[in-house]
Amino acid sequence: MNIPPPQSRAATAADPTTPTLSIVVPMFNEEDTLPALFHRLGQAMDKIGESYEIICVNDGSTDGTARVLAEAHDRDGRIKVLNFSRNFGKEVALTAGLDATSGAAVVPIDADLQDPPELIADFLEKWREGYDVVYGVRRNRETDTVLKRWSAAKFYQTINRLSGVSIPSNTGDFRLMDRRVVGAVGRLRERNRFMKGLFAWVGFRHAEVFYDRPERIAGETKFNYWRLWNFALDGITGFSTVPLRIAGYIGMLTAIGAIFYGIFLIVRTLIYGIDVPGYASLMVAVLLIGGLQLIVLGVIGEYLGRLYEESRKRPLYIVESSLGLTQDK
Ligand code: UDP
Ligand code: MG
C-alpha cells in the first residue's frame with residue numbers, strides 16, 4: 001500500500017454537502033467561448049471524478065453571456081451564476097467568485113480556455129501532497145507579442161524589486177488554492193485588487209506546475225495596453241511605497257545640485273562680476289525643476305487617489321442576480 005506523506009490531505013471534502021473543487025470563472029462578454037469552456041471543463045472534471053461546482057461570475061457582460069449561463073445552469077446545477085450589476089473588472093469578479101465558493105480547493109480559470117482545464121488534475125495531485133497553493137506557470141510566452149513579453153518581464157522585475165512580497169513571474173490567476181488560502185485572501189478587502197499580489201501576500205506552502213498557454217479560442221482580449229498599464233500601476237502602488245521614497249530622493253538630489261550650482265554662481269559673480277545673459281541656464285533650471293515637481297506630485301497623487309478610494313468603504317461589487325447560490329452578497 002502507498003503510505004501518504006504525513007501532511008497529505010484526504011481525497012475528498014470532509015463535509016458531504018460541500019464540493020471538493022470549486023472552479024471560479026470570471027467572464028465579460030464571453031458568449032462565444034462558453035460552450036467550448038463548459039464542454040472541456042466538464043470533461044476534465046469528469047475524468048478527475050471529484051464533486052465540483054463551477055462559479056461563473058458574469059462581470060456585466062453586454063452580449064448573450066447571461067442567457068448562455070442561465071441555460072447552462074438549467075442543464076447542470078453544478079454550474080452556478082453570479083450576475084454583476086455592471087462591469088467591475090476581472091480582479092473584482094474573481095474576488096466575488098472566491099467569496100461564493102465552498103469547495104475544499106478552489107481554482108480560478110479564464111473563460112477563454114487559455115488555462116487548460118486538464119491541468120487541474122495535476123494541481124489536485126500536488127494539493128493532496130500537502131501544498132496549499134499550486135501555481136500554473138507558463139513555460140513560454142510564445143503566444144504573446146514581443147511588446148507584451150517585454151513589458152511583462154519588466155513589470156515583474158519592478159514589482160518584485162519594489163515590494164516585500166515575491167510575485168512569481170509567468171503565473172496568472174490560474175492556480176489551485178486550499179480553502180485556508182481562499183479564506184485568507186477573502187479577508188483582504190482592499191479596493192485596489194491586484195489579485196496575484198494578494199495571493200502572494202498571504203503566503204502558504206506552494207508548488208508549481210508548468211504548462212503551455214494557448215491562444216484565446218474565440219473573441220478578443222479585454223486587456224489592451226492602456227488597461228495593462230493601469231493594472232501595473234495598481235500592482236505597484238498596492239504593494240510598495242518605494243515610489244514615494246524615490247520622490248523624496250529626487251527632491252534631495254535636486255536640492256544638493258542647486259546648492260552647488262548656487263555656490264558656483266556666487267563665486268563666479270564675485271570673480272567676474274555680474275553676467276547678465278543667462279537666459280538659457282535659467283530656463284533649463286526652471287523647466288527641469290518644474291517638471292520634477294509635477295512628476296513627484298503625480299506620484300503622490302497616485303497614492304492619494306487610492307487612499308481616497310479606500311476611505312469611502314464602498315462594497316467591492318454589486319450582485320444583480322444569482323443562480324444556484326444561497327448567499328447573495
Ligand atoms: N474578464 C472579466 N472582466 C473584465 C475583463 C475580463 O471578467 O472586465 C475576464 C475575461 O472574460 C476572461 C478573463 O477575465 O475570462 C481574462 O481576460 P482576457 O482573456 O481578455 O485577458 P488576457 O488573457 O488577454 O490577459
Ligand atoms: Mg485570455
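What you see is a predicted model, and the numbers here were worked out from it, not measured in a lab. Whatever order the structure lists ligands and atoms in, that order sets their numbers, starting from 1.
- The distance from ligand 1 to the heavy atoms of Arg227 drops below 4.0 Å at these ligand atoms: 4 (C), 5 (C), 8 (O).
- When the heavy-atom distances from atom 22 (P) of ligand 1 to Thr221, Asn58, Val57 are ranked, the shortest goes to Thr221.
- Distances below 4.0 Å separate heavy atoms of Glu30 from the following atoms of ligand 1: 10 (C), 11 (O), 12 (C), 15 (O).
- Here the protein heavy atom with the shortest distance to atom 18 (P) of ligand 1 is Arg216 NH2, 3.4 Å.
- Atom 7 (O) of ligand 1 has its closest protein heavy atom at Met27 N, 3.4 Å.
- The ligand atoms of ligand 1 that sit less than 4.0 angstrom from a heavy atom of Asp112 are 19 (O), 23 (O).
- Annotation: protein N, O or S atoms under 2.8 Å of the Mg ion (ligand 2) (waters excluded) comprise Asp112 OD2, Gln114 OE1.
- As a member of the Ile/Leu/Val/Met/Phe/Trp/Tyr network built from side-chain separations under 4.5 Å, Leu270 groups with Ile266.
- Here atom 16 (C) of ligand 1 lies nearest to Asp110 when heavy atoms of Asp110, Asp173, Leu94 are compared.
- Residues forming a ring-ring contact (aromatic ring centres under 6.0 Å, His included) with Phe155 (at least two apart in sequence, or on another chain): Phe194.
- Ion pairing of Arg314 with Glu309 is absent here, as no side-chain N (NZ or NE/NH1/NH2) approaches a carboxylate O to less than 4.0 Å.
- Looking only at protein heavy atoms, the nearest one to atom 23 (O) of ligand 1 is Gln114 OE1, 2.7 Å.
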Please tabulate, for side-chain N and O atoms in residues 288-305, each donor-acceptor pair with protein atoms closer than 3.5 Å (sequence neighbours left out).
residue: Glu302; atom: OE1; partner: Arg306; partner atom: NH1; Å: 2.5
residue: Tyr303; atom: OH; partner: Ser240; partner atom: O; Å: 2.5

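- Every atom of ligand 1 with a heavy atom of Arg213 under 4.0 Å away is listed here by number and element: 23 (O).
- Interface of Asn87 with ligand 1, defined as ligand atoms under 4.0 Å from a residue heavy atom, comprises 3 (N), 4 (C), 8 (O).
- Residues Ile250 and Leu244 are members of separate hydrophobic clusters, defined by side-chain heavy-atom contacts under 4.5 angstrom among Ile, Leu, Val, Met, Phe, Trp and Tyr.
- Nearest non-hydrogen protein atom to atom 5 (C) of ligand 1 is Lys222 CB, 3.6 Å.
- Each of Tyr131, Phe123, Tyr135 was checked for a ring pair (Phe, Tyr, Trp, His ring centres under 6.0 Å) with His206, and the lone residue meeting it is Tyr135.
- Remark: aromatic rings of Phe84 and Tyr317 are close, center separation under 6.0 Å.
- Remark: minimum distance from atom 17 (O) of ligand 1 to any protein heavy atom is reached at Phe223 CE1, 3.7 Å.
- The shortest N or O to N or O distance between Phe28 and ligand 1 is under 3.5 Å.
- A donor-acceptor pair under 3.5 Å is formed between the side chain of Asp112 and the backbone N or O of Gln114.
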- Task: Start with the C-alpha gap between Asp59 and Met27, add the side-chain angles, then the distance that decides, and say whether side chain to side chain contact (heavy atoms under 4.5 Å, CB included) holds.
- Result: CA-CA 6 Å; Asp59 187 9; Met27 44 186 85; over 6 Å; no
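- Comment: Arg227 does not engage Asp234 in a salt bridge, judged by the lack of any side-chain N to carboxylate O separation of less than 4.0 angstrom.
- Given atom 14 (O) of ligand 1, the protein heavy atom at minimum distance is Lys90 CD, 3.2 Å.
- Panel note: side chain Ser22, backbone Gly103; a donor-acceptor pair is recorded below 3.5 Å.
- A salt bridge between Asp132 and Arg180 is present, with a side-chain N of the basic residue lying under 4.0 Å from a carboxylate O of the acidic one.
- With hydrogens left out, the protein atom closest to atom 4 (C) of ligand 1 is Asp59 OD2, 3.4 Å, a heavy atom.
- Remark: Arg245 fails to qualify as a cation-pi partner of Tyr249 under the 6.0 Å distance and 45° angle criteria applied to the six-membered ring.
- The nearest heavy-atom contact from the protein to atom 9 (C) of ligand 1 is Pro26 O, 3.6 Å.
- A salt bridge does not link Arg191 with Glu310: every distance from a Lys NZ or Arg NE/NH1/NH2 to an Asp or Glu carboxylate oxygen is 4.0 Å or more.
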